[in-house]
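One-based numbering along the sequence shown. Whatever order the structure lists ligands and atoms in, that order sets their numbers, starting from 1. Heavy-atom basis, side chains included; hydrogens, waters and symmetry copies ignored.
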Amino acid sequence: MPAGLGPRRARGTDPVRRSCCTNLVGVDAADISADLEHVLHTADQIDARGTELAALIDADYAGRRPVLVGVLNGAMIVMSDLCRAMHCHVEVDWMAVSSYGSGTRSSGVVRILKDLTVDVAGRDVLIVEDIIDTGLTLSYLVHNIATRGAASVRVVTMFRKPEALNAPAEADEIPDEFVVGYGLDYAGRYRNLRDLATLAPHVYR
Ligand code: IMP
């Protein structure tokens with residue numbers, strides 16, 4: 001008999017269901033919120049801001065077909081929200097770079113871990129970023145994409161920290177603190193939080 005079609009078992013005794021439940025313990029909302037200190041932006045605030053940014057981008061690129069380049073992994077959520085809120089034609093591509101490792105400070109060295117698949121020569125490129133801290137990652141990416149002959153290279157980011165270099169004016173400035181959620185991680189975790197929040201000190205111990 002195919003899995004799942006047998007007689008109903010009591011919750012927790014079915015081996016398949018039990019292993020699913022074990023996996024889900026790690027993403028339980030109550031678990032995650034115990035690790036948070038302050039919510040800086042709620043999901044609703046972020047959503048409203050995303051809609052405004054999408055309208056600005058639509059107006060700026062009217063009649064053109066920009067290539068949106070998301071910076072993995074952090075920009076996965078802002079990219080999916082932004083591009084669905086836009087009405088102009090877009091293409092989507094991704095780059096993955098590393099500048100942080102598993103710590104909370106930029107290492108200062110940017111390495112390309114995954115490159116573009118679209119040829120951006122002659123194209124209008126809009127880099128989609130989650131947050132700008134020092135600005136090092138974006139400076140590197142803007143320069144790198146410009147040298148491939150892109151017609152224009154611009155940046156949209158949801159958040160920026162106070163010291164960020166060359167950050168777009170529209171980005172929401174947040175305090176100079178390490179934040180998680182809305183795609184941003186600490187050591188690979190917390191990307192699935194809908195709010196943007198700081199972490200409680202016990203997480204770093
Ligand atoms: P920058 O090169 O210092 O501007 O760092 C940019 C990248 O570092 C972003 O794309 C994020 O992935 C990551 N980053 C910067 N600040 C934070 C933070 O507060 N939390 C999580 N990731 C961050």
Exercise for the section: For ligand 1, indicate whether the residue L184 contacts it via side chain, backbone, both or neither (heavy-atom separation under 4.0 Å). Expected result: side chain
Problem - Mutual orientation of the aromatic rings belonging to F159 and Y182 [parallel < 30°, tilted 30-60°, perpendicular > 60°] - result: perpendicular
Practice task
Using distance alone, determine whether V179 and ligand 1 share an N or O pair under 3.5 Å.
Solution key: yes
Exercise for the section: Using a strict cut-off of 4.0 Å, indicate which atoms of ligand 1 neighbour a heavy atom of I131. Expected result: 6 (C), 9 (C), 10 (O), 11 (C), 14 (N), 15 (C), 16 (N), 17 (C), 23 (C)
Completion exercise
atom 17 (C) of ligand 1: of E163, E177, K161, the nearest heavy atom sits on K161
Handout entry: Backbone of T117 reached by a side-chain donor or acceptor of D93 within 3.5 Å
Key = yes
Problem - Sequence neighbours excluded, every pair satisfying salt bridge (charged side-chain N to carboxylate O under 4.0 Å, His left out) that has a member inside residues 48-58 - result: R49-E52, R49-D172
Practice task
State, yes or no, whether a side-chain contact exists between M95 and V71 at a heavy-atom distance under 4.5 Å.
Solution key: no
Completion exercise
Taking only non-hydrogen atoms of E129 and a 4.0 Å limit, the atoms of ligand 1 in range are 9 (C), 10 (O)
Problem - D130 to ligand 1, any heavy atom closer than 4.0 Å - result: yes
Fill in the blank from the handout: If we number the atoms of ligand 1 from 1 as shown, the ones under 4.0 Å from a heavy atom of L136 are 2 (O), 4 (O)
With a 3.5 Å cut-off and sequence neighbours excluded, list the donor-acceptor pairs that the side chains of residues 193-201 form with protein atoms.
unit_1	atom_1	unit_2	atom_2	d
D195	OD1	A43	N	2.7
T198	OG1	H38	N	3.0

Practice task
Looking only at distances, please establish whether an N/O atom of ligand 1 is found under 3.5 Å from an N/O atom of G135.
Solution key: yes
Handout entry: Shortest non-hydrogen separation from A171 to R160 and the atoms involved
Key = CB-CG, 3.7 Å
Fill in the blank from the handout: For S152 and R64 the tightest heavy-atom approach is OG-NH1, 4.4 Å
Handout entry: Ligand-side contact atoms (ligand 1) for residue partner D185, heavy atom cut-off under 4.0 Å
Key = 21 (C)
Practice task
Number the atoms of ligand 1 from 1 as they appear, then name those within less than 4.0 Å of a heavy atom of T137, with their elements.
Solution key: 1 (P), 2 (O), 5 (O), 6 (C)
